[in-house]
2 protein chains.
Amino acid sequence: MSKRNLHSIQEVAAETGLTSRTLRHYDAIGLLPATELNHAQVRYYDDQALLRLQTILVMRELGLPLDEIAQMLQSPQSEIDVLETHLNRLRTKVDQLSQMISSSETTISNLKKGKSIKMSEMFEGFDHTKYQDEVEQRWGKKAYADSDKWWRSMSAEERESWKQRQNQLIADWREAAEAGIKPDSPEASALAARQEAWLGSIPGAPGFGSGKVPAAYLLGLAEMYVADPRFGANYGGLVGATFVKDAITFYVSNRK
Amino acid sequence: MSKRNLHSIQEVAAETGLTSRTLRHYDAIGLLPATELNHAQVRYYDDQALLRLQTILVMRELGLPLDEIAQMLQSPQSEIDVLETHLNRLRTKVDQLSQMISSSETTISNLKKGKSIKMSEMFEGFDHTKYQDEVEQRWGKKAYADSDKWWRSMSAEERESWKQRQNQLIADWREAAEAGIKPDSPEASALAARQEAWLGSIPGAPGFGSGKVPAAYLLGLAEMYVADPRFGANYGGLVGATFVKDAITFYVSNRK
DNA sequence: TCTTGACATTGACGTTACGTCAAGTTGTAG
DNA sequence: CTACAACTTGACGTAACGTCAATGTCAAGA
């Protein structure tokens with residue numbers, strides 16, 4: 001009775017808009033095994049399989065990778081956890097793309113004004129090697145000086161876009177702090193990860209472009225948020241800044 | 001004199017934060033050939049190569065694929081074109097991610113309320129096969145009816161997010177129309193592509209999830225924008241709606 | 001019965017930008 | 001002479017399939 005109403009692979013494909021190749025792929029990786037094969041190895045799917053496929057497609061629309069979809073189908077109680085983790089990934093990606101967009105816009109407008117793309121002048125006076133010699137403890141001040149220089153070198157529009165994104169992050173930090181989220185909670189670590197991604201996108205900063213910001217640099221900045229009222233104010237006063245520092249500290253010591 | 005100041009692969013790696021593997025990769029694909037090899041096939045880079053690498057990294061930060069970076073370095077006059085095309089891709093991606101985010105949020109809140117992820121009720125009464133029987137000309141009205149139904153089934157937050165993204169698209173359409181952009185220009189086609197992506201993300205609509213919206217459906221909606229003042233108003237009156245229709249028509253007839 | 005489609009199957013390579021071994025070579029310090 | 005560091009060239013793995021290619025099955029027409 002569960003085998004009633006069998007569908008061929010092309011029927012399923014037509015109903016869902018997928019290709020037969022995709023269905024064979026899902027079969028191959030075990031995500032959606034065919035209900036049965038006839039003597040010629042031809043696949044057939046029953047209604048239960050179609051229901052499963054329905055769910056798979058809904059999850060796929062959310063951008064979830066197939067292996068995580070498979071995992072969720074195995075243990076439905078992990079649904080919310082997986083989705084919330086996924087949500088953080090998505091937000092981080094949007095942050096990164098937004099940064100690429102504003103940088104691209106600035107680059108285009110510079111090119112139209114005749115400026116070359118080789119903006120070595122932006123980096124001039126900046127020597128990466130000096131960071132290698134720096135004592136980790138001093139990163140805080142140095143990082144601040146360099147990021148300030150970088151900031152002043154940007155166009156007005158780009159600055160605006162950067163502000164918006166940083167403001168969103170700040171708002172999320174404050175909200176988390178006020179909601180009583182613990183610094184060692186997954187939510188706080190997710191924010192720390194976004195902060196890292198944001199920092200890593202600053203040209204000239206250590207870890208630029210690699211996605212991995214050196215731990216000492218992250219910690220140095222976190223300390224600075226607490227020590228410097230100019231920053232502390234943004235993050236919701238001393239209490240908020242301390243929360244940020246603790247969250248980043250926890251995140252850094254537990255990553256990888 | 002151009003060979004002065006040669007750097008080993010590890011030196012370059014340390015200066016840029018890249019790995020030696022990456023530099024070898026760039027050599028292998030011809031993006032950044034080593035300046036010279038010694039008798040033991042060991043790579044050395046001169047200052048000119050470092051400058052080229054500098055440019056490569058700046059472009060990579062913008063999210064440009066390596067082959068397009070190589071292309072731009074070959075023909076610098078194409079810089080602006082390539083970047084503007086790239087910008088459209090980035091924007092489309094952000095649109096897609098934003099949609100995934102709001103859908104994920106809705107799904108999570110539904111799960112927390114105890115609703116299952118198998119939201120077949122959302123699709124109930126909706127039969128994909130009926131679209132296959134539809135005459136293409138009738139898609140306009142049917143699509144409208146179904147998208148209206150879908151719209152009413154959403155949560156308030158998700159509706160809000162959708163509105164924002166659609167509003168952004170509409171604003172861009174109006175701006176393009178007012179700037180005197182031609183419906184058969186690349187800019188207009190880029191907007192049409194975004195419109196397609198946006199439409200394709202509506203569950204229940206033809207082409208949902210595949211990224212490819214059937215041509216007749218796109219055209220049917222475009223006609224509707226002109227015919228129905230409720231839509232025309234959004235797109236800047238009859239003139240704006242006609243521009244949208246023309247741009248979509250051109251886009252559809254020239255894609256693939 | 002033989003042939004010809006129509007539709008299915010299982011490989012297997014291509015895509016993107018490298019990470020990660022593995023195995024071999026070269027130069028140098030002890 | 002040897003151990004070791006640093007380099008080299010393969011070659012596989014990654015995500016989610018698209019796109020052939022070679023082969024197999026089944027039914028209808030000559």
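Excluded from the calculations below are hydrogen atoms, water molecules and symmetry mates; all remaining heavy atoms, backbone and side chain alike, are included. Chain A is the first sequence line, chain B the second, and so forth, proteins listed ahead of strands; every chain is numbered from 1.
One interatomic measurement links the two molecules: CD1 of B:Ile29 to P of C:dC18, which rounds to 8 Å at whole-angstrom precision. Atom CD of B:Gln71 is separated from atom P of C:dT16 by 13 Å (rounded to the nearest Å). Between the C1' atom of D:dC17 and the CG atom of A:Leu32 lies a distance of 15 Å, rounded to the nearest Å. In this structure, B:Arg60 atom CZ and C:dT16 atom C1' are separated by 13 Å, rounded to whole Å. At whole-Å resolution of the value, NE2 in A:His25 and P in D:dT19 are 15 Å apart. Distance CD1 (A:Ile56) to P (D:dC17): 11 Å, rounded to an integer number of Å. The separation between A:Ile69 atom CD1 and D:dA16 atom P is 8 Å, rounded to whole Å. Regarding B:Glu68, its CD atom lies at a distance of 14 Å from the C1' atom of C:dA17, rounded to whole Å.
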Taking N or O atoms only and anything under 3.5 Å, show me the protein contacts with nucleotides 7-10 of chain D, one pair per line.
| residue | atom | partner | partner atom | Å |
| --- | --- | --- | --- | --- |
| D:dC7 | OP2 | B:Gln10 | NE2 | 2.6 |
| D:dT8 | OP1 | B:Arg43 | N | 3.0 |
| D:dT8 | OP1 | B:Arg43 | NE | 3.0 |
| D:dT8 | OP2 | B:Arg24 | NH1 | 2.0 |
| D:dT9 | OP2 | B:Arg43 | NH2 | 2.1 |

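Between A:His7 and A:Asp47, the side chains place a donor N or O and an acceptor N or O closer than 3.5 Å (distance only, hydrogens not considered). Residues B:Ser103 and B:Gln99 bring a donor and an acceptor atom of their side chains to less than 3.5 Å of each other. For the 3.5 Å distance criterion, the side chains of B:Ser104 and B:Thr107 fail to qualify, holding no donor opposite an acceptor.
For A:Asp184, the side chain to side chain contact (heavy atoms under 4.5 Å, CB included) criterion is met by A:Lys182, A:Phe250, not counting sequence neighbours.
Once rounded to the nearest 0.5 Å, the distance linking CZ of A:Arg24 with CD1 of A:Ile9 reads 4.5 Å.
Taking the nucleotide of DNA chain C with the nearest heavy atom to each of B:His39 and B:Leu18, the more 5' of the two is matched to B:Leu18.
Put simply, B:Tyr26 has no side-chain N or O that comes within less than 4.0 Å of OP1 or OP2 on C:dA17. Checking the phosphate oxygens (OP1, OP2) of D:dC17, no side-chain nitrogen or oxygen of A:Thr19 falls inside 4.0 Å.
For the pair B:Glu68 and B:Arg60, the salt-bridge criterion is not met [side-chain N within less than 4.0 Å of a carboxylate O]. A salt bridge links A:Glu105 with B:Arg91: the distance from a Lys NZ or Arg NE/NH1/NH2 to an Asp or Glu carboxylate oxygen falls below 4.0 Å.
Comparing D:dA16, C:dA17, C:dG19 by their nearest atom to the side chain of B:Thr22 picks out C:dG19.
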